[in-house]
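Remarks on the structure that follows.
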Amino acid sequence: MIDNSFPGRFPATRLRRLRGQGWIRDLAAEAELAPRHLIQAVILREDDAPAGPIPAMEGIKRASVNDAVEMAQNAWKNGIKALALFPHTGKEARDPEGTAALDSDNLMCRAARAIKDAVPQIGLIGDVALDPYTDHGHDGLLRDGEIVNDGTVAVLTEQAVVLASAGYDVLAPSDMMDGRIGAIRKKLDHEGFTDRMILSYAVKYASKFYGPYRDAIGSRGVLQGDKRTYQMDPRNSAEGNREVTLDLAEGADMVMVKPGMPYLDMIARTKAAFNVPVAAFQVSGEYAMLRCAAAEGAFDFEDAALEALTCFRRAGTDMIISYYATDAAGWLNQ
């Protein structure tokens with residue numbers, strides 16, 4: 001017989017009561033994950049470029065323009081509201097100035113026009129950076145061994161207008177140059193694109209988790225040196241708040257934390273401090289870790305992948321760019 005005569009021996013508050021059955025767990029859940037929170041990342045390719053495989057990114061292939069249109073249609077059917085597009089560029093199309101970034105008929109622009117023709121209601125997020133186009137692999141212009149800030153910003157403002165003209169709803173500068181948000185906002189407004197949003201990669205770290213992405217866009221073996229002079233030091237967090245403060249003051253509509261899961265603290269910190277729409281990028285290295293662990297039998301990929309996305313939501317993320325967003329939406333819709 002259990003002796004209940006000693007007060008406090010058995011708790012009056014039992015948190016397990018709220019975990020005992022599925023229906024109460026759902027009602028008491030603090031974070032919701034739904035397809036509308038997800039953004040599908042798409043790596044574009046020219047028709048004559050290889051689709052893949054992409055090392056360490058099992059299940060992910062580069063998409064031709066026609067493939068991207070089909071991906072957009074499938075994403076929309078599954079409740080995905082937006083795509084984030086990135087171009088694979090061969091070495092022959094790269095040069096020191098990243099000239100192809102300003103070509104109004106480049107891969108990014110052709111894909112945007114085709115997708116908007118087929119699925120006009122879906123949102124398109126365009127990467128504003130030079131690393132897919134430079135022969136040195138950097139996000140900016142290289143002068144005497146240094147990435148110059150203001151000269152790079154001048155090119156990025158032109159690139160943003162090219163992408164906006166092609167149909168991108170959101171311009172997403174991922175370069176981490178100082179002052180580029182204000183310059184891009186001013187240029188977009190001057191050119192009549194006052195309705196186009198800016199998603200600033202405000203808290204972007206110089207991370208090793210980008211490795212598979214560099215294979216995906218053709219930058220592997222191209223990058224000269226590293227990006228630590230302009231992307232954030234992984235040891236810093238207060239600096240992230242300073243970056244967000246500046247970018248919002250310059251006209252950013254939304255801000256990004258990248259990578260995602262290793263920096264959940266920065267997502268939570270950013271959301272709590274600013275209470276603006278916060279995006280996270282579940283980058284290629286994060287995807288690779290999930291896939292590789294699942295392949296080794298550590299866990300079921302689908303369950304772990306959904307758990308990872310839920311962690312972003314719990315930390316305060318409003319939107320998540322992921323390479324398996326459409327798949328996740330399908331799982332959630334079952």
Side-chain angles (χ1 to χ4, degrees), residues 39 41-43 54-58 60 84-88 125 127-132 134 136-140 142 147 149 152 156 172-178 180 199-244 246-247 252 254-271 278-293 304-305 308-309 311-312 315-317 319-325:
I39 298 167
V42 180
I43 306 295
I54 300 170
M57 296 187 72
E58 178 188 344
I60 304 300
L85 306 184
F86 306 89
H88 170 274
I125 301 171
D127 184 47
V128 181
L130 300 184
D131 57 320
T134 55
H136 46 74
H138 280 285
D139 298 60
L142 186 62
I147 302 301
N149 193 93
T152 297
L156 295 176
S174 61
D175 56 287
M176 290 296 285
M177 298 297 124
D178 291 333
R180 89 275 203 213
L199 167 58
S200 171
Y201 285 63
V203 187
K204 182 179 180 180
Y205 287 90
S207 173
K208 297 300 183 183
F209 286 89
Y210 307 144
Y213 171 78
R214 289 177 182 155
D215 282 314
I217 68 166
S219 289
R220 176 73 71 182
V222 172
L223 180 62
Q224 299 175 18
D226 57 53
K227 302 187 179 187
R228 290 182 292 179
T229 66
Y230 49 98
Q231 294 178 358
M232 280 181 53
D233 189 324
R235 296 173 293 184
N236 294 353
S237 57
E239 182 185 8
N241 278 36
R242 297 180 68 191
E243 289 281 7
V244 174
L246 290 168
D247 287 359
M254 302 167 280
V255 295
M256 173 87 79
V257 175
K258 181 184 180 184
M261 206 162 183
Y263 297 92
L264 291 178
D265 62 316
M266 292 307 301
I267 294 170
R269 181 172 185 153
T270 301
K271 189 64 177 181
V278 175
F281 202 139
Q282 187 185 43
V283 299
S284 58
E286 298 174 64
Y287 175 84
M289 287 194 301
L290 289 168
R291 274 295 185 192
C292 292
L309 295 175
C311 290
F312 286 115
T317 307
M319 58 199 86
I320 309 157
I321 299 177
S322 173
Y323 291 97
Y324 60 87

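- Residues forming a ring-ring contact (aromatic ring centres under 6.0 Å, His included) with H138 (at least two apart in sequence, or on another chain): H136, Y230.
- Note that CD1 of I60 is 7.0 Å distant from CD1 of I54, once rounded to the nearest 0.5 Å.
- Interatomic distance, CD1 of I147 versus CG of L130, reported as 9.5 Å (0.5 Å rounding).
- Scanning all heavy atoms of the two residues, the minimum distance from I125 to A172 falls at CG2-CB, 3.8 Å.
- Using a distance-only test at 3.5 Å, with no hydrogens or angles considered, no donor-acceptor pair links the side chain of R214 to the main chain of G221.
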Cut-off 3.5 Å, no hydrogens considered: what does the side-chain donor-acceptor table look like for residues 280-290, sequence neighbours left out?
unit_1 : atom_1 : unit_2 : atom_2 : d
Q282   : OE1    : S322   : OG     : 2.8
Q282   : OE1    : Y324   : OH     : 3.3
Q282   : NE2    : Y324   : OH     : 2.9
S284   : OG     : F209   : O      : 3.4
S284   : OG     : Y213   : N      : 2.9
E286   : OE1    : M261   : N      : 2.9
E286   : OE2    : G260   : N      : 2.9
E286   : OE2    : V283   : N      : 2.9
Y287   : OH     : E58    : O      : 2.3
Y287   : OH     : R291   : NE     : 2.9

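- Looking at T134 and L142, their side chains never come closer than 4.5 Å, going by heavy atoms from C-beta outward.
- The shortest heavy-atom contact between D131 and S219 is O-OG, 3.7 Å.
- Annotation for S200 and D247: closest pair OG-OD2, 2.5 Å, computed over non-hydrogen atoms.
- Residue D175 forms a side-chain hydrogen bond (donor to acceptor under 3.5 Å, both in side chains) with just one option from R180, K204, K227, and that option is R180.
- In this structure, R269 and N241 have side chains that are in contact, with non-hydrogen atoms separated by less than 4.5 Å.
- Minimum heavy-atom separation, A129 to D139: CB-OD2, 4.0 Å.
- Here the CZ atom belonging to F86 is positioned 5.0 Å from the CG atom belonging to D127, to the nearest 0.5 angstrom.
- The minimum heavy-atom distance between G240 and V203, with the atom names listed, is O-CG2, 3.8 Å.
- Between Y205 and M266, the shortest heavy-atom contact is OH-CG, 3.3 Å.
- Other residues, nucleotides and ligands contribute more than 12 heavy atoms inside 6.0 Å of the CZ atom of R220.
- Considering only residues two or more places apart in sequence or on other chains, N149 meets the side-chain hydrogen bond (donor to acceptor under 3.5 Å, both in side chains) condition with none of them.
- The side-chain heavy atoms of P259 and Y210, taken from C-beta on, include a pair separated by under 4.5 Å.
- Atoms CE and CD, on M232 and E243 in that order, are 6.5 Å from each other to the nearest 0.5 Å.
- Put simply, the side chain of I321 reaches to within 4.5 Å of the side chain of M256, judged on heavy atoms.
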